[in-house]
Amino acid sequence: MSVWLPTAPCTPGACLEPVRAAAAVPRAVLRLTAVAVLLLAGIVLCPLGGRIPAEWVGRWCRMIVRAIGVRVRITGSAPPAGGLLLVANHVSWLDVPLLTAVRPARMLAKTEVRRWPLAGALAARGGTLFIERDRLRALPGTVTEIAGALRAGAAVTAFPEGSTWCGRAHGRFRRAVFQAALDAGVPVQPVGLRYRWQDGGPGTTAAFVGEDTLLASLWRVARARGLVAEVEVRPVIPPGTHPDRRALAHAAQPAAPEPAWTHAALVASALEGPHDPLGPRLRPGRYGVPGPSARTGSEPGMIQTRGPKA
């Protein structure tokens, strides 16, 4: 694992809260079965491609999230047609169907996603742009490929944080993917994702972070009752309104419930105990989260769909 790759301080032990109200095991199994059936249907219908109306694809994605027991609330205006870069903060594997419900798009994902059961095959057939995060030399080619898809009128979805966060804080948006939007001259559609409980309190049960496994995350979400996914479609950023990718990334960055460096301190304290509340995890540059007065250097801006293993 390259030291230049973006990471997050979030871990299952420090960030994931217990399920407040657990559904019975038979109900959880039924939910997972329903999700599997919907994914298989998507794999079968993938060859139809663009002949399937976007509205149907959006409804299918909402059905996947609802099937596992999570309610969906989408606010904001519909994204524009044509070439478009959709960017969002990254919390969970649920982010993918939620963003596709906003607008069907080609996803940008790490190569490991191709090996996920059912979802990997669906992603490959759906035109996902897979990237090798460890090959920094491949980054310019990836940006060129994204720009080409955008020029051709496709929508591309990316998670510029480069890693999943638990939702209590967000990582800084990496700039590389925004260069593709500048090169192609297309708008950027920022989207904010948040998971909470039905009573209004924030929730981290849906987060997929650190050493968490896909199966463990699936089972945890399927057992949960009262989870709500909130999708905020923010105002679109027209092309030509920001001079460079740094400014564009900053404009698309969502507000976080708490500062990233503060959250990193809390996680480090939980992991290392009271004898060393800050610990080595808060060194400048760690997790791509500088301290409140630290300067930010350049980074490769790679994108992935969850936090890497330590």
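None of these values were measured; they are calculated from a predicted model.
With Trp93 contributing its side chain and Phe208 its backbone, the two residues share no donor-acceptor pair below 3.5 Å. Not a single donor-acceptor pair under 3.5 Å links the side chain of Arg245 to the backbone N or O of Ala180. Using modelled atom types, one side-chain atom of Ser92 and one backbone atom of Ala206 make a donor-acceptor pair closer than 3.5 Å. With Gln253 contributing its side chain and Gly171 its backbone, the two residues share a donor-acceptor pair below 3.5 Å. Between the side chain of Arg175 and the backbone N or O of Leu248, no donor-acceptor pair lies under 3.5 Å.
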>> Run the side chain to side chain contact (heavy atoms under 4.5 Å, CB included) test on Gln189 and Ile237 for me, step by step, so that the C-alpha distance in whole Å, both residues' side-chain angles and the decisive distance to 0.1 Å come before the verdict.
In response: CA-CA 6 Å; Gln189 177 64 75; Ile237 303 175; over 6 Å; no
>> Apply side chain to side chain contact (heavy atoms under 4.5 Å, CB included) to residues Trp60 and Leu38 and explain how you reach the verdict.
In response: CA-CA 8 Å; Trp60 172 72; Leu38 288 169; 4.0 Å; yes
>> As a quick check of understanding, evaluate side chain to side chain contact (heavy atoms under 4.5 Å, CB included) for Arg66 and Arg71, giving each step before the final call.
In response: CA-CA 6 Å; Arg66 192 67 188 95; Arg71 297 188 178 183; 3.9 Å; yes
>> Does Leu86 form a side chain to side chain contact (heavy atoms under 4.5 Å, CB included) with Leu84? I'd like the steps, not just the answer.
In response: CA-CA 6 Å; Leu86 285 89; Leu84 181 72; 3.6 Å; yes
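A continuous path of ILVMFWY side-chain contacts below 4.5 Å connects Leu99 to Met63, so both sit in one hydrophobic cluster. Leu16 and Val228 fall into different hydrophobic clusters, where Ile, Leu, Val, Met, Phe, Trp and Tyr residues are linked whenever their side-chain heavy atoms come under 4.5 Å apart, directly or through other members. There is a path of hydrophobic side-chain contacts, each under 4.5 Å, that joins Leu94 to Leu214. Cluster membership for Leu40 and Leu30, using ILVMFWY side-chain heavy atoms within less than 4.5 angstrom, is not shared. In the hydrophobic clustering of this structure, Val29 groups with Val35; members are Ile, Leu, Val, Met, Phe, Trp, Tyr whose side-chain heavy atoms approach within less than 4.5 Å, directly or through other members.
In this structure, the separation between CG on Asp183 and CD1 on Ile146 is 10.5 Å, given to the nearest 0.5 Å. To the nearest 0.5 angstrom, Leu85 atom CG is 6.0 Å from Leu150 atom CG. From Thr204, atom OG1 reaches atom CZ of Arg168 across 4.5 Å, with rounding to the nearest 0.5 Å. From His170, atom NE2 reaches atom CH2 of Trp165 across 9.5 Å, with rounding to the nearest 0.5 Å. Thr142 OG1 to Gln179 CD: the interatomic distance, rounded to the nearest 0.5 Å, is 13.5 Å. A distance of 5.0 Å separates CG of Asp95 from CZ of Phe159, quoted to the nearest 0.5 Å.
Across Ala88 and Glu161, no two heavy atoms sit closer than the pair O-OE1, 4.4 Å. Between Pro190 and Val188, the shortest heavy-atom contact is CD-O, 3.3 Å. Taking each heavy atom of Arg223 and Ala28 in turn, the nearest pair found is CD-CB, 3.5 Å. Ala105 and Thr157 get closest at one heavy-atom pair: CB-OG1, 3.3 Å. In plain terms, the two heavy atoms of Ala176 and Val143 that are nearest each other are O-CG2, 3.8 Å. Considering all non-hydrogen atoms of both residues, Val57 and Ile52 come closest at CG2-CG2, 3.8 Å.
Within the 4.5 Å cutoff, side-chain heavy atoms of Arg225 are placed close to those of Arg27. Residues Tyr195 and Val91 form a side-chain contact, since some pair of their non-hydrogen atoms from C-beta on lies under 4.5 Å apart. Under the 4.5 Å side-chain criterion, counting only non-hydrogen atoms from C-beta, Pro12 is in contact with Val209. The shortest side-chain heavy-atom distance between Ile74 and Arg62 falls under the 4.5 Å cut-off. Residues Pro79 and Val236 form no side-chain contact, since every pair of their non-hydrogen atoms from C-beta on lies 4.5 Å or further apart. Residues Leu98 and Val65 have side chains in contact (heavy-atom distance under 4.5 Å, counting atoms from C-beta outward). Contact annotation: the side chain of Leu39 approaches that of Ile64 to within less than 4.5 Å [non-hydrogen atoms, C-beta and beyond].
Look at Glu230 and Arg196 and you find a salt bridge, because one of the NZ, NE, NH1 or NH2 atoms lies within 4.0 Å of a carboxylate O, short of that distance. Ion pairing between a basic and an acidic side chain is recognised when a charged N comes within 4.0 Å of a carboxylate O; Asp212 and Arg220 show such pairing.
With Leu32 as the fixed residue, the side chain to side chain contact (heavy atoms under 4.5 Å, CB included) test singles out one of Val221, Ile68, Leu215: Ile68. Tested against Cys61 for a side chain to side chain contact (heavy atoms under 4.5 Å, CB included), the candidates Val102, Val96, Thr100 yield a single pass: Thr100.
Annotation: Arg151, atom CZ; neighbour count of heavy atoms from other residues, nucleotides and ligands within 6.0 Å is above 12.
A donor-acceptor pair shorter than 3.5 Å can be found between the side chains of Trp197 and Glu17.
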